[in-house]
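So the structure is just underneath, and the comments pick up after that.
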Amino acid sequence: MVKNNPIKFSIKNLNAWFGSLHVLKAINLEIYANEILSIIGPANSGKSTFLRTLNRLNELYPGFKMTGSVFYGGEDIQKIEAEVLRKRVGTVFALPLPLPLSIADNVAYGAKIHGIKDKKKLEEITEESLKKAFLWEEVKDRLNESAFKLSGGQQQRLCIARTLAVKPEVILFDEPCSGLDPISTAKVEETMFVLKREYTIVLVTNNVKQAARVGDKTAFFLSGELIEFDITEKIFTAPSDQRTDGYIRGEFG
Amino acid sequence: MRKFKEFFLEKLIFICGLASILFVLLIFFFLLKEGLSVFKTVSPLKFIMGRNWYPISEPPQLGIFPLILGSFIVTIGAVVISVPVGVACAVYIAEIAPPKIKEILKAGIELLAAIPSVVLGFIGMVTLVPWVKHIFGLPTGLTALSGSIMLAFMAMPTIVSIAEDALYAIPKSYKEGALALGATHWQSIWRVLLPAASSGILAAVMLGIGRVIGETMAVMMITGNAAVIPHTLLVPVRTLTATIAAEMGEAVVGSQHYFALFAIGIVLFAISFAINVTADLFLHKDK
């Protein structure tokens with residue numbers, strides 16, 4: 001095995017249910033700092049549920065139940081306040097979700113709710129975050145326009161900037177490119193590459209090729225089970241499980 | 001035979017549809033015809049800005065300014081009370097309440113809407129009016145404040161149900177997006193949900209105002225009906241609606257007084273029409 005970075009998330013025997021539906025089955029997994037972990041698998045394999053468990057977003061749904069534990073930096077996430085956890089572990093959703101605000105306010109929103117009031121400081125954070133998301137050049141002259149006027153790809157990068165503005169340590173991407181064209185997708189992937197220097201990234205994707213392109217490690221989920229987890233190269237060249245091989249070859253999915 | 005039946009039914013439904021428009025038009029023309037006659041003797045400006053309403057003195061003084069102010073002050077009072085409470089209630093129902101309490105609250109609100117206004121007026125008269133008199137040490141509890149409080153109850157169901165619909169219609173993703181950034185539940189409501197639903201909430205408020213301004217029975221029973229210009233909320237006032245209801249019975253048909261009451265109807269009509277159009281604009285802003 002290659003040398004590993006420090007462990008960021010440690011998931012121990014995680015089971016999850018929605019009502020009586022058993023959606024995650026005995027997951028054990030470690031996520032390392034400053035790496036991109038790609039999670040692949042067919043629809044309904046529990047990828048997104050797993051991702052949402054990491055910052056306790058599943059709790060918003062009635063009927064959700066989990067056992068086992070998730071440690072974040074050595075601390076049980078159930079013992080961390082949900083708001084604090086979500087500030088440190090940000091999410092970028094599948095569909096870009098700008099809030100009904102201006103471009104600048106969308107980015108500054110997160111910083112504002114965490115108590116930053118100084119206008120100058122907010123402007124700095126906004127600019128810095130937009131630059132990191134490679135959106136600054138495209139929007140710097142129209143920061144006060146509604147965020148809905150941006151294109152889909154731009155909106156998605158705006159959402160990345162918004163997540164960055166609260167200064168998280170981990171960013172969860174939930175199929176961030178599923179609604180985007182190839183050019184926008186390339187831009188988002190490029191962004192992720194740069195971001196991993198400072199952040200830990202978990203990427204759920206339906207696009208196997210994307211996982212191969214950007215992931216340091218790859219995990220393959222099937223029907224709520226973690227089938228295989230290894231460095232990306234290994235998964236894509238010499239998977240140890242028959243089913244992983246079948247999925248990445250496109251035999252089912 | 002069958003063809004004839006089809007034809008007959010089709011025409012019958014057509015006539016029914018036409019009738020509703022026809023009735024509105026007839027009412028409108030009748031109102032205008034009777035109401036505008038008063039302007040043969042009083043100028044419109046003097047009618048609206050005149051400070052004295054003595055319709056049966058000789059010659060009659062027909063200034064409805066005190067009545068407009070009466071309606072205005074009672075409405076403002078009702079809005080100040082019902083909007084914060086109503087919107088808060090809508091937020092609670094839409095966002096916070098557990099399903100069971102939500103059902104109970106919604107049923108309660110509907111029940112509140114079902115109480116006839118004369119019953120509300122009656123309850124207000126025997127409970128609220130003495131209470132207002134006692135607390136503020138007034139000679140009479142029949143004041144604009146009592147009217148405002150009672151009308152706030154009447155506006156509340158409208159405001160709550162429409163504001164709740166507006167909140168409910170906001171994509172769940174907004175809330176999730178805010179929460180994913182580490183916002184607390186309250187922060188997501190205050191900074192995201194309320195602004196996003198603002199046009200619907202404004203429409204709810206406008207329709208609530210429309211309900212209040214057109215209300216007659218309860219205000220007539222508890223505002224004291226003194227046609228003087230009110231300077232505070234703690235004096236008796238008379239509203240436009242109460243004036244028509246109270247005086248139409250005794251006005252001599254064809255007299256100045258009679259025409260003036262119809263003219264008040266036109267003023268009321270114009271106000272409610274403006275409010276409804278504004279509410280409609282807010283509701284359909286996005287489309």
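Below, read A as the first sequence line, B as the second, and so on, with proteins coming before strands; counting in each chain starts at 1.
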- Where on A/Arg52 is there a heavy atom nearer than 4.5 Å to chain B: the side chain, the backbone, both, or neither? side chain

- For the atom pair NZ (A/Lys112) and CD (B/Gln187), what is the distance rounded to the nearest 0.5 Å? 12.0 Å

- For A/Tyr109 against B/Ser188, the heavy-atom pair lying closest together: OH-CA, 4.1 Å

- Task: Give a yes or no on this: more than 12 heavy atoms of other residues, nucleotides or ligands lie within 6.0 Å of atom NZ of A/Lys65.
- Result: yes

- Query: CZ of B/Phe122: more than 12 outside heavy atoms within 6.0 angstrom?
  - Reply: no

- Task: Report the residues that fulfil salt bridge (Lys or Arg N to Asp or Glu O under 4.0 Å) with A/Glu189, sequence neighbours left out, ordered by chain and then residue number.
- Result: A/Arg213

- Is it true that atom CH2 of B/Trp190 has more than 12 heavy atoms of other residues, nucleotides or ligands lying nearer than 6.0 Å? no

- Task: May I ask you to name which of A/Pro168, A/Ala165, A/Pro100, A/Cys159 has the most heavy-atom pairs under 4.5 Å with chain B?
- Result: A/Pro100

- Message: Sub-4.5 Å heavy-atom contacts with chain A: which residues of residues 148-177 of chain B show up?
- Response: B/Ser173, B/Tyr174, B/Glu176, B/Gly177

- Query: Taking only residues two or more places apart in sequence, or in another chain, which ones meet B/Phe269 in a side chain to side chain contact (heavy atoms under 4.5 Å, CB included)?
  - Reply: B/Phe28, B/Leu31

- Message: Between A/His114 (side chain only) and B/Leu181 (backbone N and O only), is there a donor and an acceptor less than 3.5 Å apart?
- Response: yes

- Note on the structure: The reported gap from OG1 in B/Thr184 to CD in A/Glu81 (rounded to nearest 0.5 angstrom) is 10.0 Å

- Query: So which bits of residues 76-114 of chain B come within less than 4.5 Å of chain A, counting non-hydrogen atoms only?
  - Reply: none

- All heavy atoms of A/Leu57 vs all of B/Ala180, minimum pair found to be CD1-CB, 4.1 Å

- Neighbour count above 12 (heavy atom, 6.0 Å) for A/Phe71 CZ: yes

- Within a radius of less than 6.0 Å around CG of A/Asn44, do more than 12 heavy atoms belonging to other residues, nucleotides or ligands occur? no

